[in-house]
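Chain letters run A, B, ... following the sequence lines, proteins first, then strands; residues in each count from 1.
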2 protein chains.
Amino acid sequence: MDDRKRQILKAIVDDYVETAEPVGSKTLVERHSLQFSSATIRHEMAELEEMGYLEKPHTSAGRMPSDKGYRAYVDNMLSLPEISPHEALDIQRFLLENLDEARELIVRAAEYLAGKTNYLSVALSPQYSDSSLEQIKILMIEPGRAIVVLVLSAGVVHDRLIRIPAMLDENQLDQIARAVERCLAGKKLDDITLVTISSAADDTGLPEALVNQVLYEAYVAIKQTEKIEIYMDGKYHLLKHPEFRDVDRANRFYQAVHQENMVAGYMMEMKQELEEKKAEYCGFEFDCLETLPAPPEAKASYMVRIGQEIALDGMEDMSFVSTTYRIGRYISGQIGVIGPKRMQYGNIISQISFVNKALTEAADEHYGRTHADERKE
Amino acid sequence: MDDRKRQILKAIVDDYVETAEPVGSKTLVERHSLQFSSATIRHEMAELEEMGYLEKPHTSAGRMPSDKGYRAYVDNMLSLPEISPHEALDIQRFLLENLDEARELIVRAAEYLAGKTNYLSVALSPQYSDSSLEQIKILMIEPGRAIVVLVLSAGVVHDRLIRIPAMLDENQLDQIARAVERCLAGKKLDDITLVTISSAADDTGLPEALVNQVLYEAYVAIKQTEKIEIYMDGKYHLLKHPEFRDVDRANRFYQAVHQENMVAGYMMEMKQELEEKKAEYCGFEFDCLETLPAPPEAKASYMVRIGQEIALDGMEDMSFVSTTYRIGRYISGQIGVIGPKRMQYGNIISQISFVNKALTEAADEHYGRTHADERKE
DNA sequence: ATTGGCACTCGGTCGCTTCGAGTGCCAATA
DNA sequence: TATTGGCACTCGAAGCGACCGAGTGCCAAT
């Protein structure tokens, strides 16, 4: 593909993204001040179509980009706008203001992205399988009920209400908790199994019958910590876009997106691929902002899936931009945006990458010292 | 309004609810085996229209119910189908299966309702302002961070991560927690203020500077417990219904529903009204099912808001069915359904009322003994 | 290789007609 | 007097043809 073709394709995508109308040779020349005549453009367009980058809805209509066309655009002719310092402050504030739980961070990030892009944002909660258990405490609420509090490396705290044998008293419970902690502390969550945990039973000097139920509940609490949640925000935005004038289409899409497990699974796959460096696009970097000095490892790498490339039923005419966020060394998750194929890729990618970066930094800030400790090693 | 008019109005509503088409005199006779001729019906319809119960989209079209028509239908000609034992088991299982947190109950109830009705379900989390604080524990995670665990009457547990002065040790923290508990135990959450809680400071014998931050954080944790959350499920259902063929309309509705605070506030108002016995419809009772013997206070009372009656922008052509659920004596919340005015009122009301009942019972079951204790008094 | 010119295409819009389910009214009937 | 069958009328929906215009492909001239 020569340079002129590239220029024309870019103009077509830009135009179509803006207007949502098939674009013809003449308007293209007018609107994008190209230095060739419309006839030349027609020539080139015909060739681009033959090569598969463009499509016509019917013979006498203008052209619109095909999936392949968008792909080429994203691969080769993307310009990534910088995030203004004003916006950067905005998002920092949005993420951190009145923040209690770190868990809330990812929800807020998704909310921000949705608001900013006018598309659907999707986020997976951090994956803790690789972090290790530091502390476990069991607190009696009343006879028969207790609360398990787990502290992971990097200072993440999770808890869960459990039922325990009614005759256990506080001391015994504490004994059990200590035994479990001795047995598991420092272990990766992933490596903790029912077998591992039950070896703590001998250590307590209490009758097995009493201990086992507690161990099991603690085990469940730990496993639950590993469960990945999915958050979405901005579903209501999509109806605004012309591609959803067709209710049936909108309906089909919403049914698809409602299958949260499917979407989450697919995002995990994308994450996997990004990690295996199969990712198409890496090395995007921000330097627009001094207030947030980026640590060298904070380069955001993202992934774009266009139309048919998305292996999810009902998403054939959407695009999915996705990126992996990191919190500390061992914790990561996924955050992205789903919108019509006709999206402002550059803008969206900038936004996502920046939110990603801000998210990481906000988490660092929130975990503060803890995390700093971890870094020292 | 004489009996025949009532019969005809009912037939029209039933028909329109089913077909979503304005209904004419002739089809009405055919489909509902009425014992009058179409001419008579036309007469009556003209009168019903004059009285404001019916509307015509244009001169030569059939009639459809007005808000007032639906209102009359709901007030006077509703038949409430019984819930089958099969369904009853279904919902019990759905609510209780693998349930950890009681908080999850209301989410599941909303989910169930949405699935069952094909409309949007909306639920408010339980309101704890009237329950009292029983225990407060503060558990140190690491220097500078701790977790506050609150136990309310009825066994409800809430917690929150807090920051504390880094120099506090576990013992001191425990001392503070005990002081707070002595000071607040048994008090209604509503009655706890910054003033009340700060009187615990003297009791610790520790320097005020150290204690105050912890007290403040504990206070915030308590107040946060009172915060009411709103859950919605089934937004994606609404696009299936013919009233949402019009994307703009759908869009307007989704924007409205997205203002969750508005919706929550409105539901609180409805709850208020229900409690003040201004409620239009009370005393609906279930007796279809032996497996769930209803305690005498479990009568469900519900409220229907139709079209313009809903004081929320963008909901003018929806209906809102709402009901108050109770958990124990002092805890209650709101659960309801929003759908097109053209809804199967009888069916929906039955479902909601039953879910309400099941929810109460599931909560009882889950809190088990604790709650039973409360009842003894 | 690029361009201006020209004949051709085809979806969208506008106006017209037809169709049919609906109405209102009236005169006949029980 | 209340009910009914009959009939003329209404009006939106659907179908049809003409027209418009933004678009194309192709060709001959530069």
Quick one, B:Arg342 and B:Tyr70 - any side-chain contact, counting heavy atoms below 4.5 Å?
yes
Are OP1 or OP2 of C:dT3 and a side-chain N or O of A:Ser37 less than 4.0 angstrom apart?
yes
Reading DNA chain D from 5' onward, which residue's closest nucleotide shows up sooner: A:Ser25 or B:His58?
B:His58
On the nucleotide C:dT2, are OP1 or OP2 found under 4.0 Å from the side-chain N or O atoms that A:Arg4 carries?
yes
Taking OP1 and OP2 of D:dT24, is either one under 4.0 Å from a side-chain nitrogen or oxygen of A:Thr59?
no
Taking the side chain as every heavy atom from C-beta outward, state whether A:Leu48 and A:Arg63 have any pair of such atoms under 4.5 Å apart.
no
Closest to the 5' end of DNA chain D, once B:Glu44 and A:Gly62 are matched to their nearest nucleotides, is B:Glu44
Measuring from atom CG of B:Leu120 to atom CG of B:Leu238, what distance do you get when rounded to the nearest 0.5 angstrom?
5.5 Å
To the nearest Å, how far apart are A:His43 NE2 and D:dC26 C1'?
8 Å
Is there a donor and acceptor pair, one atom on the side chain of B:Ser60 and one on the base of C:dT23, closer than 3.5 Å?
no
Give the rounded distance in Å between these two atoms: CZ of B:Phe36 and P of D:dG5.
14 Å
C:dT2 phosphate, OP1 or OP2: any side-chain N/O from A:Thr40 under 4.0 angstrom?
no
Would you indicate what B:Ala61 reaches in the nucleic acid, counting non-hydrogen atoms under 4.0 angstrom: base, sugar-phosphate, or nothing?
sugar-phosphate
Would you say A:Lys26 reaches C:dT3's phosphate, i.e. side-chain N/O to OP1/OP2 under 4.0 Å?
no
Nearest whole Å is fine: how far is C:dA21 P from B:Arg63 CZ?
17 Å
Taking OP1 and OP2 of C:dC6, is either one under 4.0 Å from a side-chain nitrogen or oxygen of A:Arg42?
no
Would you give the length of the straight line joining atom CZ of A:Arg252 to atom CG of A:Asp246, rounded to the nearest 0.5 angstrom?
7.0 Å
Can you identify which nucleotide, out of C:dT3, D:dG23, C:dG22, has its nearest atom closest to the B:Thr27 side chain?
C:dG22
Separation of A:Gln35 atom CD from C:dT3 atom C1', in whole Å?
15 Å
Residues B:His32 and B:Asp15: side-chain donor-acceptor under 3.5 angstrom
yes
To the nearest Å, how far apart are A:Met45 CE and D:dG23 C1'?
9 Å
